[in-house]
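As the structure is a computational prediction, the values presented were derived from the model and not from experiment. So that the names make sense, note that chain A is the first sequence line, chain B the second, and so on, each numbered from 1.
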2 protein chains.
Amino acid sequence: MVTGKISILLVDDHAIVREGYRALLKKQPDLEVIAEAIDGNQAYQQYKLHTPDVTIMDLSLPGQSGVETIARIKQRNPRAKILVFTMHQNPRFAAQAINAGALGYVTKSSPPEVLLNAIHDVYSGRRTLSPDIAQALALEKTGHETAALESLTSREFEILRLLAEGKSKEEIAQTLSISAKTVSNCYYLVKSKIGVNSDIGLVHWAIKMRLIDIYRLK
Amino acid sequence: MVTGKISILLVDDHAIVREGYRALLKKQPDLEVIAEAIDGNQAYQQYKLHTPDVTIMDLSLPGQSGVETIARIKQRNPRAKILVFTMHQNPRFAAQAINAGALGYVTKSSPPEVLLNAIHDVYSGRRTLSPDIAQALALEKTGHETAALESLTSREFEILRLLAEGKSKEEIAQTLSISAKTVSNCYYLVKSKIGVNSDIGLVHWAIKMRLIDIYRLK
DNA sequence: GCTTTGTCGGGCAAATTGCCCGTTGATCTC
DNA sequence: GAGATCAACGGGCAATTTGCCCGACAAAGC
C-alpha cells in the first residue's frame, strides 16, 4: 500500500458493529478501512476489487455463510489474510473457520486490544485465537462427549450435521452423490458412536455439541 | 434530567458494539450514555444506581438472559423504558421481550437511523418495532405455524412436548398410562398438524416454538 | 335428543431401521 | 512391496415403525 497503512476490508451485516469498527480503528494510525461489505457476495466482490491486507469477517452473514466466503476468497488468493471476528464462542465454529482458511479467530466479547493485536498478528501471517477460544478448544479436547465426536470420520460428521439440520436422507444422498443406503448406514454408525438411539436424541446431541445453530434454521 | 438530555444505559456484552453505540450516539446532541453494562446483573445494578431514561439492551447476555433482566428491571420500576437491540430476527424473541416489558425491539441489522428513532419513540413512551420485526410478527399472526400450535389439543400438546424432549413412545405410554399405539397415532396427527414429516423436523419446530428449553436438557 | 370433538386403540401395507456382509482404494507398517 | 488397517460405499434381510385408515366411547355443544 502506498500509504504504508494496513488496509482492511470489513465484513459485518450489523451497522452498529461497523460503526464500532470505524470508531475503534480510526484511533489506530497504522490501520485503514478501505472497504466494507454486509454479506458474503459483497465481501468477495470487494476483496477482488481492493485485495486488502487483512479481511475482518463476521461468520453469521445473510445468504452465503462466512465459512463459505472464507473458502471462496482463499481459493482466489491462497495468501489472503482473514481474521474472523464473531459472537460465536463455540470452538467448533473456530475450527471450521480455520479449516476454511482463516488465520485468526476473535470473539466479539473480547476487549478491543485483543482485536487490534489480532489484526497485527494476522497481517504478519501469524495464527491467532482470542483467549476464550483458545481455552475452549483446549478444554474441548478433555471432555468425554467429545471423544465420541472425534471418533466420527469427516464424512460421518458431515452427514450428521446435515441430518441434524433437518435434511432428509434422500436429499443428503443427492447432494453428496451417494446412495440413500449409505447415508442410512452412516446414520446408524453415527448413532451408535455418539450413543443415542433416536432421531430426536441425535438432534439434541447435535445442539448440545453446538453442531447446528438452531436460530438460523429456515 | 438536569442536562436536558435523554440519559441512556447501554447493555451489551460486545465491546465492539458498545464502541459503535458510543460513536453513533456521540453525534446526537440530545442523547447521552451515562452507564454501560455487560451482563444482566450489572445491568440491574446500573439501573438501580442511575435510573436512566432509556435502557438499550441486547438479548444474548452472559448469565441471566436479557428477557429475565427486562422483567427484573420492570419489577423494580414498571415505568422503566427498555429498548431491545439485538441480532435476533426471530419474532418469537420479540414477543417474549415485549411480554417481559420491553417497549421497543430493533434488530442490529437495521440502519442507524432506525435505532435513533426507536430511542426517541421509547423515550416518549411509544411502542416501536423495527420494520423487519413488525413484518415478521404480522406475518406470524397469519402464518400457519401458530395456527397449527393452537389446533393441537392439550393431550397432543403434552405428547408433543414429551417427544420433543426425547422421551420414547414407550416411556410416554407408561407415564400417561395409555398404549404405545395411541402415542404413535397421536404423534402422527401432531406431525400432520404442524406440517413436518420427520422426528427431526418436529424437534426443530418445538424449539422454534419454544416448547422445550434445549439448554435445560439433561 | 343429536352432532361434534377429544381420547383411545386396532389393522395392515409400506417404509425404515438394525445389523450383518463384501468391495474398493488410500494410507501405514514392517 | 506385501500385508494390514480403515474410511467410504452399498447390498441383503428380518424386525420394527410408519402412514393412514378404521371404530368405540365419553364429554361437551346446539
Side-chain angles (χ1 to χ4, degrees), chain A residues 71 92 95-96 99-100 141 145-207 209 211-212, chain B residues 144-207 209 211-212:
Chain A
R92 301 247 111 229
Q96 276 190 294
N99 283 339
K141 300 267 184 232
E145 288 202 309
T146 49
L149 199 145
E150 269 158 36
S151 76
L152 296 178
T153 67
S154 62
R155 195 57 150 179
E156 285 168 346
F157 188 82
E158 188 178 12
I159 291 178
L160 161 58
R161 201 172 46 80
L162 290 168
L163 280 167
E165 280 175 358
K167 300 268 190 303
S168 76
K169 292 177 188 56
E170 282 71 24
E171 283 178 296
I172 296 173
Q174 279 199 312
T175 53
L176 299 182
S177 299
I178 56 179
S179 90
K181 183 63 189 172
T182 300
V183 178
S184 192
N185 278 332
C186 185
Y187 174 48
Y188 167 67
L189 281 175
V190 167
K191 285 206 285 191
S192 63
K193 279 188 181 179
I194 69 178
V196 305
N197 56 6
S198 68
D199 287 11
I200 290 171
L202 182 121
V203 177
H204 288 175
W205 191 87
I207 290 170
M209 282 298 171
L211 263 45
I212 56 177
Chain B
H144 79 314
E145 286 203 321
T146 42
L149 184 61
E150 274 155 34
S151 77
L152 295 178
T153 68
S154 61
R155 195 58 151 178
E156 286 168 345
F157 190 82
E158 188 178 13
I159 292 178
L160 162 58
R161 201 171 47 79
L162 291 168
L163 279 167
E165 280 175 357
K167 301 267 190 303
S168 77
K169 292 179 187 56
E170 282 72 23
E171 282 178 296
I172 297 174
Q174 279 199 311
T175 53
L176 299 182
S177 299
I178 56 179
S179 90
K181 183 64 189 174
T182 301
V183 178
S184 191
N185 278 332
C186 185
Y187 174 48
Y188 167 67
L189 281 176
V190 167
K191 284 206 286 190
S192 63
K193 279 190 181 178
I194 68 178
V196 305
N197 57 5
S198 67
D199 286 11
I200 290 170
L202 182 121
V203 177
H204 288 175
W205 191 88
I207 290 170
M209 285 303 185
L211 264 44
I212 58 177

**Request:** Tell me, please, which residues at least two apart from A:E158 pass salt bridge (charged side-chain N to carboxylate O under 4.0 Å, His left out).
**Result:** A:R155
**Sugar-phosphate, base or nothing in reach of A:T182, heavy atoms under 4.0 Å** = base
What nitrogen or oxygen pairs link the protein and nucleotides 18-21 of chain C at under 3.5 Å?
residue	atom	partner	partner atom	Å
C:dG18	OP2	A:K191	NZ	3.4
C:dG18	O6	A:K181	NZ	3.2
C:dC19	OP2	A:Y188	OH	3.1
C:dC19	O5'	A:Y188	OH	3.2
C:dC19	N4	A:N185	OD1	3.0

**Request:** Kindly write out the residues that satisfy side-chain hydrogen bond (donor to acceptor under 3.5 Å, both in side chains) with A:S184, not counting sequence neighbours, or none if the list is empty.
**Result:** none
**Message:** How long is the straight-line distance from CG of B:L189 back to CG of B:L160, given to the nearest 0.5 Å?
**Reply:** 12.0 Å
**Fill in**
In A:I159, A:I172, A:V183, the residue satisfying side-chain contact (heavy atoms from CB on, under 4.5 Å) with A:K167 is A:I172
**Message:** Tell me whether the side-chain N/O atoms of A:S179 come closer than 4.0 Å to OP1 or OP2 in D:dC9.
**Reply:** no
**Request:** Nearest whole angstrom, please: distance from the P of D:dC9 to the CG of A:L189.
**Result:** 12 Å
**Asked** Which whole-number value in Å describes the distance from A:E156 CD to D:dA7 P?
**Response** 7 Å
**Prompt:** Hey, what do you get for CG (A:L162) to OG (A:S168), rounding to the nearest 0.5 Å?
**Reply:** 10.5 Å
**Request:** Could you pull out the closest heavy-atom pair between A:A173 and A:S179, with the gap in Å?
**Result:** CB-C, 3.8 Å
**Message:** Just to verify, what does B:S198 make a side chain to side chain contact (heavy atoms under 4.5 Å, CB included) with, not counting sequence neighbours?
**Reply:** B:I200
**Request:** Compare every heavy atom of A:G166 with every heavy atom of A:E171, then report the nearest pair and how far apart it is.
**Result:** OE1-O, 4.4 Å
**Request:** Please list, chain by chain and in numerical order, all residues satisfying side-chain hydrogen bond (donor to acceptor under 3.5 Å, both in side chains) with A:Q174, sequence neighbours excluded.
**Result:** none
**Request:** Please report the C-alpha distance between A:I207 and B:I207 in whole Å, then the side-chain angles of each, then the deciding distance to 0.1 Å, and finally whether the side-chain contact (heavy atoms from CB on, under 4.5 Å) criterion is met.
**Result:** CA-CA 11 Å; A:I207 290 170; B:I207 290 170; 3.2 Å; yes
Give me, pair by pair, the N or O atoms of the protein and of nucleotides 22-28 of chain D that are less than 3.5 Å apart, along with how far apart they are.
none

Using a cutoff of under 3.5 Å, can you pull out all pairs of nitrogen or oxygen atoms linking the protein to nucleotides 22-26 of chain C, with atom names and distances?
none

**Asked** Residues two or more places apart in sequence or in another chain: which of them pass side-chain hydrogen bond (donor to acceptor under 3.5 Å, both in side chains) with B:K169?
**Response** none
**Request:** Find the distance A:I178:CD1 to D:dG10:C1' and express it as a whole number of Å.
**Result:** 10 Å
**Asked** D:dG19 P sits how many Å from B:L202 CG, rounded?
**Response** 11 Å
**Asked** Should B:V190 and B:L202 count as side-chain neighbours, where that means a heavy-atom distance under 4.5 Å?
**Response** yes
**Message:** In this structure, how many angstroms lie between the P atom of C:dG6 and the CZ atom of B:F157, rounded?
**Reply:** 15 Å
**Prompt:** To 10°, what angle do the rotation axes through the five end pairs on each side of the helix from C:dG1-D:dC30 to C:dC30-D:dG1 form?
**Reply:** 30°
**Message:** From CD of B:E170 over to P of C:dG9, roughly how many Å is that when rounded to an integer?
**Reply:** 14 Å
**Message:** Run the side-chain hydrogen bond (donor to acceptor under 3.5 Å, both in side chains) test against B:E170 and tell me which residues pass, sequence neighbours left out.
**Reply:** none
